[in-house]
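Written below as structure tokens is the structure these notes are about.
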Amino acid sequence: MQRHSIPFDSFSILFTLKSCTHLHNLPLINHLHAHLLKLGFNSHVYVATSLLHAYVVASFRDACDLFDEMPGRNTVTWNTMITGYSKSGDVEKAWGVFDRMPLRDVASWSAMIACYVNNGHWGNGLTLFHEMLVVEQLKPDQVTLGSVLVGCAHMGSIGLLLGKSIHGFIAKNGWVLNVELGTVLVDMYAKCGFLKNASRVFDMMQDRNVKSWTVIICGSAQHGYGKEALSMFEMMKEVGVRPNELTFTGVLSACAQAGLVEDGRKYFRMIEEYGLAPTIQHYGCVVDMFGKAGLLGEAYEVIKTMRLEPNVFVWCSFLSACKVHKKFEMFERVVDRVMEMVKPENDGGVYTLVSDLYVLSNKWDDAERVRKLMVNQNVRKARGSSFIRSGAG
DNA sequence: TTAGGGTTAG
């Protein structure tokens, strides 16, 4: 790619642009944009692409307008737009950009793979990676492999197989396990159930940030190592890493899993001590923790007083606890409210739970009524999927 | 060697 020197006078503007990009400071970007126009540097592709990137982060609609008006574009410009569409969740438009750009480099492929993976199209991401290697014969770098590993983490045994070979490739080539690559590798092993490998990689990492600690805490909690998850959390604080909302989700699910109610209370209070607001996931974990421990009264108190509207997951935790601990009075106290909020598309097993609870409390008519609702819903779902299969009529 | 592509959620 031909390199052009940057107009000297635009250096300070570019520097300011870079520092305000991550602040999402749109008024300042607009101001710098006007300044660049006045100086006539907007036609310089390097400068214009820097501006485009700032808009992609702060306001994607403005980025699209700028992209349409740009007199010159290069591979970096096109790659920036792939990321823009990716972040706004528009996979098709991102593909459109990838498909029609004149030249693609490793970053273009990485951006498109990341777009698939970060929007839940994991299989497409892995297929594109395969095409990049086999058809294009391109050598991936750390960024590419990072995105591929995110896809692997969600693809079960196939993902694990590819993930392991990527790990082997990284080791064989003597690549440094930087914080991003290390984190996704730990997460991949943890999600695929290989917690020992996850811990081994985590121990090898030279730099760890809050995301690295969070994946190992969540992984430990998920696989039944609640106490270990909590000691990891304490270690994380000791080395001066600040937890975020997701870290607390891992910590609270560890408490729920291991039945550590007193720790759970303490860590729930700690969320606000760190200047964070409890999320619906935090409330869900606490309800689950009290429910599993048989403290249904406390679980109900949390639901009654929580600052957010309880969702279907929160209610499912509560109903499961009612079922396990045979607290049918509690169940009857809440059931009408639960049934009111359940919509067919977010049932999440609520109907089954409610029907079971009616059977267990000898309310056969009610159980039958809910069972009918469930059957009707399944019929609707089946009709919906056959409609899609038949090509929408 | 400058502007772009990467990490955590029940």
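Just so you know, these numbers use all the heavy atoms, side chains as well, and skip hydrogens, waters and symmetry mates. So that the names make sense, note that chain A is the first sequence line, chain B the second, and so on, each numbered from 1.
Shown for residues 182-190 of chain A: residues whose heavy atoms fall under 4.0 angstrom of DNA chain B, namely A:Thr183, A:Val184, A:Asp187. Using a 4.0 Å cutoff on non-hydrogen atoms, the parts of residues 140-159 of chain A near DNA chain B are A:Asp141, A:Gln142, A:Val143, A:Thr144, A:Ser147, A:Val150, ordered by number. Contacts between residues 241-274 of chain A and DNA chain B, defined by a heavy-atom separation under 4.0 Å, are made by A:Asn244, A:Leu246. Taking a 4.0 Å limit (strictly below) on heavy-atom distances, residues 203-223 of chain A reaches DNA chain B at A:Asn209, A:Lys211, A:Thr214, A:Val215.
Under the side chain to side chain contact (heavy atoms under 4.5 Å, CB included) criterion, A:Asn124 pairs with A:Tyr116, A:His121, sequence neighbours left out. Residues meeting the side chain to side chain contact (heavy atoms under 4.5 Å, CB included) test with A:Phe313, sequence neighbours left out: A:Asn311.
What separates CE of A:Met132 from C1' of B:dG5 is a distance of 10 Å, to the nearest Å. One can place CZ of A:Phe313 at 11 Å from C1' of B:dA9, the figure rounded to the nearest angstrom.
Applying the side-chain hydrogen bond (donor to acceptor under 3.5 Å, both in side chains) definition to pairs two or more places apart or across chains, those involving residues 285-303 of chain A are A:Arg265-A:Glu298, A:Asp288-A:Lys292. Applying the side-chain hydrogen bond (donor to acceptor under 3.5 Å, both in side chains) test to residues at least two apart or on different chains, none of the pairs has a partner in residues 89-102 of chain A. Each side-chain hydrogen bond (donor to acceptor under 3.5 Å, both in side chains) pair with one or both residues in residues 229-241 of chain A, not counting sequence neighbours, appears once here: A:Glu234-A:Lys237, A:Glu234-A:Tyr267. Listed by first and then second residue, the side-chain hydrogen bond (donor to acceptor under 3.5 Å, both in side chains) pairs that reach into residues 315-329 of chain A are A:Lys323-A:Asp356, sequence neighbours excluded.
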Validation: residues 161-175 of chain A side-chain donor-acceptor distances under 3.5 Å, sequence neighbours left out:
residue  : atom : partner  : partner atom : Å
A:Ser165 : OG   : A:Leu162 : O            : 2.8
A:His167 : ND1  : A:Tyr189 : OH           : 2.8
A:Asn173 : ND2  : A:Phe169 : O            : 2.7

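In the hydrophobic clustering (ILVMFWY side chains linked at under 4.5 Å, chained through shared members), A:Val324 stands by itself.
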